[in-house]
Amino acid sequence: MKKIIVIIICIISFQQISAQNPLVTHMFTADPTARVFDGKLYVYPSSDTYPPAGREKEFPRFCMPGYHVFSLENGATWKDHGWILKENDVPWGDKDTYAMWAPDCIKKGDTYYYYYPAQPKDGSAFRRIGVGTSKSPTGPFKWEKDYIKGVSGIDPGLLVDEDDKAYLYYGGGKELFVVPLKDNMKEIAAEPIKVEGLPAGYKEGSFAFKKDGVYYFTFAHGFIDEGYTIGYATSDNPLGPFLYQGKIMDNIGNGTNHHSVVKYNNQWILFYHWWEISGYNKLRSMRADYMTFKDDGTIKKVKPTLRGIGTPKIGDTIQIDRYNEINKAKIAFVGGENEPKGWMVCDTEMMGSVQFNSVDFGNGEATKIEARVASGQRIGSFEIRLGNPTGKLIATFPIEYTGGWSSWKTIETDITEKVTGVQNIVVVFKSDWGSTKAVNLNWLKLK
Ligand code: FUB
């Protein structure tokens, strides 16, 4: 199993990082806390990795070496800014414990405060919470020499209110906690209190935000009969008590689902994690999907999608296998010695189609479209249409033999109509009736 996962990661480690789900494929990322700073979207996840050689038996649990930070560039590409903290650089932390669980980062004034849990070397708790400061959202951070006194637990989630008062939510177990912070953001201003009003059961992943004067306290919640869900409760006070409102996301498979919520470009987004690359729930990958509110302020349950968020523009890779709709076609993970590809659309039957929403054609500058294809036959074509499988035809690719079903080639054709604005595109596969494989398709790109 491990070998397979290693091969997959090697194969995809050269891929362009795109904004479809999972958000990045060159490393395992979990517990994504998303933040918008000065109009730009950042994600602060934890990272999962394999246990170090010889220590495999110690790590049926998570093996988490530290933190990267990512920013969304041009609305469609995640930039990895690299390591901002590794476990052995925690001033107060025990060495080689791989215990860097879910972090958060928040801005107050012109300073960024990064909060993270780690295992303390003084043995005083399972996890303590440390903090570092920076003048940039991507660091470097200056790490405080000691952990925040009076707080022990996991999953720090920060809220800075409109009056500039800051609150730290944290914990994992039957109870979660909240504590106001002093102005310096590094010390507690009162004794922590239990977050009141939450349902029974295991809880973790505290994350709070404010909308229209209402405090939303969101948390991961394990129901005995249902497994791990994301729930939320509301209050008119950041310290509670809260009223449980229901689930934001149902259980999507056994294991954890740590999340955060952010408003970016006037759209609310839920960040969360799953493990589609590894197939193993301790090697996770961060994801994002749009979230909406009902008129009464309650949250509509979010369904996980492959498509995720973001709007590819001219020059961006459109990962068509991260589809909104698929009909008479499938997707599969694919690799090859010289061909890192990730997933592809395959088993494309006659009149099969795959739809990918929100592609930005701008003011109509795109005149050509590229496709990464592999085909073991030469009959037929595939078409690019707008809106639905019979919508306006804007481009046609003849199918050509590329050397086989895993011999990949980039081909190009003209866009025959001027297309503007954000459009949903549909690829329609045409071969002869009875054929179950017109072409394998990896990605598209407007030029
Ligand atoms: O990633 C380790 C732990 O798993 C986090 O702290 C929890 O929220 C859960 O996602």
Side-chain angles (χ1 to χ4, degrees), residues 22-24 27-34 43-51 58-70 85-87 90 93-94 97-105 114-120 125-131 147-148 151-158 168-178 195 198 201-208 217-223 227-232 247-261 270-278 280-288 304:
L23 302 189
V24 304
M27 63 183 288
F28 294 115
T29 50
D31 306 322
T33 302
V43 187
Y44 299 87
S46 57
S47 64
D48 289 332
T49 192
Y50 302 101
E58 279 177 64
F59 285 97
R61 63 178 191 268
F62 298 107
C63 185
M64 305 182 68
Y67 307 110
H68 282 221
V69 54
F70 297 84
L85 178 62
K86 286 188 177 172
E87 56 150 0
V90 174
D94 217 354
T97 51
Y98 295 87
M100 311 296 280
W101 288 15
D104 192 3
C105 183
Y114 189 99
Y115 296 82
Y116 64 95
Q119 186 170 311
F126 174 66
R127 294 283 184 279
R128 294 286 194 169
I129 293 172
V131 58
Y147 50 76
I148 301 175
V151 172
S152 66
I154 61 170
D155 294 356
L158 277 294
L168 167 64
Y169 300 84
Y170 66 96
K174 288 187 182 149
E175 293 173 349
L176 301 175
F177 297 91
V178 55
V195 180
L198 307 183
Y202 183 83
K203 295 178 277 293
E204 60 184 9
S206 300
F207 184 85
F217 178 73
T218 68
F219 54 99
H221 184 202
F223 285 98
Y228 214 93
T229 68
I230 299 171
Y232 76 107
K247 286 182 270 182
I248 304 177
M249 185 175 271
D250 286 326
N251 181 18
I252 56 172
N254 253 340
T256 63
N257 193 358
H258 188 110
H259 69 291
S260 60
V261 172
L270 178 74
F271 283 75
Y272 59 102
H273 65 222
W274 200 44
W275 41 86
E276 64 256 73
I277 296 175
S278 71
Y280 178 51
N281 67 16
K282 298 200 172 43
L283 293 171
R284 300 162 290 181
S285 297
M286 59 179 171
R287 294 174 135 238

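Order of appearance sets the numbers: ligands from 1, and atoms from 1 within every ligand. In this text the structure is predicted, and so the values were computed from the model without any measurement.
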[X] side chain to [Y] backbone, donor-acceptor under 3.5 Å:
| X | Y | answer |
| --- | --- | --- |
| T256 | H258 | no |
| E87 | T97 | yes |
| T218 | F207 | yes |

* Subset of ligand 1 atoms that lie under 4.0 Å from at least one heavy atom of H273 ->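 That gives atoms 10 (O) of ligand 1.
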
* **Which of the ligand 1 atoms, numbered from 1, are nearer than 4.0 Å to a heavy atom of E204** =>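 Here the atoms of ligand 1 in question are 7 (C), 8 (O), 9 (C).
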
* Intermediate values then yes/no, side chain to side chain contact (heavy atoms under 4.5 Å, CB included), Y115 and I148 -> CA-CA 10 Å; Y115 296 82; I148 301 175; 3.9 Å; yes

* For atom 4 (O) of ligand 1, closest protein heavy-atom neighbour ->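 Here the closest protein heavy atom is R284 NH1, 3.4 Å.
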
* atom 1 (O) of ligand 1: the protein heavy-atom neighbour that sits closest, reported with distance to 0.1 Å ->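 Scanning the protein heavy atoms, the shortest distance from atom 1 (O) of ligand 1 goes to D31 OD2, 2.5 Å.
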
Compute the shortest N/O to N/O distance between [X] and ligand 1 and return yes if it is under 3.5 Å, no if not.
| X | result |
| --- | --- |
| S46 | no |
| W101 | no |
| H258 | yes |

* Identified ring pair (Phe, Tyr, Trp, His ring centres under 6.0 Å) partner of W101 from the options Y67, Y170, F126 ->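 It is F126; the other options fail the test.
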
* May I ask you to check if K282 and F59 form a cation-pi contact, with NZ or CZ under 6.0 angstrom from the six-membered ring centre and within 45° of the axis? =>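 No, K282 does not lie over the aromatic ring of F59.
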
* **Residue portion contacting ligand 1 (non-hydrogen atoms closer than 4.0 Å) for A102** =>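 Both backbone and side chain.
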
* Asked: Are any non-hydrogen side-chain atoms of R287 and H273 less than 4.5 angstrom apart?
  ->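 Not in contact.
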
* To do: Run down the list I154, D48, D155, N281 and name the one with the heavy atom closest to atom 6 (O) of ligand 1.
  =>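 Shortest heavy-atom distance from atom 6 (O) of ligand 1: D155.
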
